[in-house]
Amino acid sequence: MVQIGFYILARLFSALLPPVDPNEDNFYEILGLEKNATNEQIRKAYKKTSLRLHPDKVAQRGDMDKDEAAAKYEKVQEAYGVLVNDEKRDRYHALSTSTTRYRFIEQGGLTNPGSLYENLTSASLAEKTKLVGMAWVIMLFILIQPILLGAKINQFLEGTGPLVDVSWAVIFTPFWIFGLLGIAFWSVILYFAPPGEKILVIVAILEQVFWYLTVVFLTVKWDGWDAPYRQVLIPFYIAYVIGWIKKVLTIFKIRGDVAKMVTMDYLENEILQGKNLDDLTSEEEMQLRKDYIIVSVPPEFEPIELDGVTPDEKILEEQKVEASPEYEAATDMYNATLGTLYGSVAFSIVFLILLTLKLDDKISGNWWVVFTPFLIYIIARLLNACFILVCGSGEEIALQMQEQEEGDNSEFVDLEGNATKDGDKQKGEEKGEEKDEPATTSESNTSAEAQGKADEKNTPAPAPPAAAEEASTKTESTPAPTVSSADTSSKPNGDPSNNDTPPKPANEDDSDDEIHIDEETFKAWQSAYVEAEKNAMEAIFKAAGDCCMFTFQLIFLCLIIAKIDKNYDDIDPDDVGFDVFWILSPLFIVFGCIGVCCACLIYGAAPGNAMDLTGEPEMEETAHNFEDPETGGPIVTPPPAPIISEPPKDTIPLASAPAPAATEPQSEPQQKNAMLEESPDMEDLD
């Protein structure tokens, strides 16, 4: 079965595989064998070739380069590992013994969109056309059943047409084929499923079988079986119940997987008692992976203290597991399955009762009443998705609320890792606007108030009244010189002795002090914020997809109800209402858009416009590459230095700073001479 799948992949979808290299090393050629070689011949050839290329033998003989021999020895090992295994050998033959394509599939290339697109850029026009044709054939095969069903209903209502006398069992022929393929697919999964998951797969197969039987009973009913719908729909009821059972089993399976989640540290220290996974045999490692699920702990994980107490090893292990992406994925699946189960039970039971009573003419209400539970369910899901799309997800709303709550107390972190508060920043801007204005008596009063606040904060006491009056008088008569805030932060701790800046006045508010955080804390905060934004964007994209899906379902369901709810005999016997294909029009539009997009993507793939599908576009290299003559490496251009207004060398405290003396304007020759004196390099130019 697997060999057939790889054969179809290599023949019909070859555009998604890397091109065949005619000069590549064939596994049979590496070992010097024919394609029909037996396992015994493969073992003998491997033993002979490996002894000849073994690094120790090559070192003893000295007749071959060591690196070349090591590369050939690795290829021999790879070739033997593939050819001696019957399953891998069949897969290799299904790919036309292409080593490049076999390595691509074994390395998981089929699950990497970037690799698939890269292969598509190098595919030939014939291979691209084959891929586009297969995509359209698959879509047409899916749509053939709705097309036949719509044509049958139209001709049945009109009473004329070639499909009027055709049995409903014939009309559902594509469904019979799809149903059997689905049951066969689940049977194959059951064969390869591990023992712990076989029950879940069996339940899924039973659900498919009863859905299949539901259509069988309906076709027999429409072809003349005289039985009430409450008997015809018995497989339908059973299929619904089995679906609920499958969801319950899925929930229990997720709980069991969460209970088996452990970190690698806990596995090695507590379970393996200091051993390593490499020390175990293949059977022991397989059994260990059945009993436990190893999760990856994010590097930015930090333990959460409970009431100021560091958690013990057990609680710390639980916190690590809960922070892992595997636990988050299991939690999301658990919540989605549980929500679907509640919604299905709450709305489906009412719908099934109303549907049965309506089909057997036990109630006289219209069909809109029958489908009301489904309409409520779809509209509720649509509104929820629209709310997330418009207002954001839970994490995004939490981030916005946190920013609003912080307000003026929010911290801004500069490139040096220093955090300053928003309120301090605003105060600094206000001071920057007023720094060129002379101080007034009101500023002296403000300074006195600031001194009072400083007393409350256990800061040093203000100056005596006489000194305060003298400082106030000097402040009123002397304008404050301009001092850049960058001068204070350019030296450690803002020490005036280091950067020749005036000391901070005692009457200034302490709220301008910078908050210093270490680099690890800043990186942890930054990574957590980026992760929250990423999760918020993923939730928004998912909500956008849900909006499209539920809108499509709502339109489709409303068209069906409007079609079957019309009483044609009472209004006009010759009027059959709107065509059924109007109901199927949304389906045709969606599949048509998908087909056109696939064709444009496949034919438009070219080596010149290949890009990284992981989210980062490929950056073009600059044509200007300069080398440093001393180091031989590229010259790194440093960022432009910020413009800092340096204070004069004879800077004195702000309170007693005299007014700057007015300088006489210099003539043009004097300015040129001054420039030459300040620039000693000008003499070298002469």
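No hydrogens, no waters, no symmetry mates; every other heavy atom, side chains included, goes into these values.
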Seminar exercise, completed: Those residues at least two apart in sequence (or on a different chain) that pass salt bridge (Lys or Arg N to Asp or Glu O under 4.0 Å) with E106 are R91

Seminar exercise, completed: Sorted by chain and residue number, the ring pair (Phe, Tyr, Trp, His ring centres under 6.0 Å) partners of W368 (sequence neighbours excluded) come out as none

For this session: Tell me, please, which residues at least two apart from E328 pass side chain to side chain donor-acceptor pair (under 3.5 Å).
Result: none

Which atom pairs, one a donor and one an acceptor, fall under 3.5 Å between side chains of residues 128-149 and the rest of the protein, sequence neighbours left out?
| unit_1 | atom_1 | unit_2 | atom_2 | d |
| --- | --- | --- | --- | --- |
| K128 | NZ | A605 | O | 2.6 |
| T129 | OG1 | L125 | O | 2.8 |
| T129 | OG1 | Y603 | OH | 3.1 |
| K130 | NZ | R11 | O | 3.1 |
| Q145 | OE1 | F175 | N | 3.0 |
| Q145 | NE2 | I171 | O | 3.2 |

Exercise. Taking only residues two or more places apart in sequence or in another chain, which ones pass ring pair (Phe, Tyr, Trp, His ring centres under 6.0 Å) with Y102?
Worked result: Y92

Seminar exercise, completed: R103 meets the salt bridge (Lys or Arg N to Asp or Glu O under 4.0 Å) criterion, sequence neighbours left out, with E78

Listing, residues 233-247 side-chain donor-acceptor contacts under 3.5 Å, not counting sequence neighbours, or none:
| unit_1 | atom_1 | unit_2 | atom_2 | d |
| --- | --- | --- | --- | --- |
| Y237 | OH | T356 | OG1 | 2.4 |
| W244 | NE1 | S344 | OG | 2.7 |
| K246 | NZ | E207 | OE1 | 2.9 |

Exercise. Got a sec, which residues hit side chain to side chain donor-acceptor pair (under 3.5 Å) with N366, two or more places apart in sequence or on another chain?
Worked result: none

Problem set entry | Residue list, salt bridge (Lys or Arg N to Asp or Glu O under 4.0 Å) with D257, at least two apart or on another chain | K253

For this session: Output every pair passing ring-ring contact (aromatic ring centres under 6.0 Å, His included) with a member in residues 343-363, not counting sequence neighbours, ordered by first then second residue.
Result: F347-Y377, F351-F371, F351-F374

May I have the list of side-chain donor-acceptor pairs in residues 537-559 shorter than 3.5 Å, sequence neighbours left out?
| unit_1 | atom_1 | unit_2 | atom_2 | d |
| --- | --- | --- | --- | --- |
| K542 | NZ | D546 | OD2 | 3.2 |
| T551 | OG1 | C547 | O | 2.6 |

For this session: Go through the structure and list residues passing salt bridge (Lys or Arg N to Asp or Glu O under 4.0 Å) with D360, not counting sequence neighbours.
Result: R230

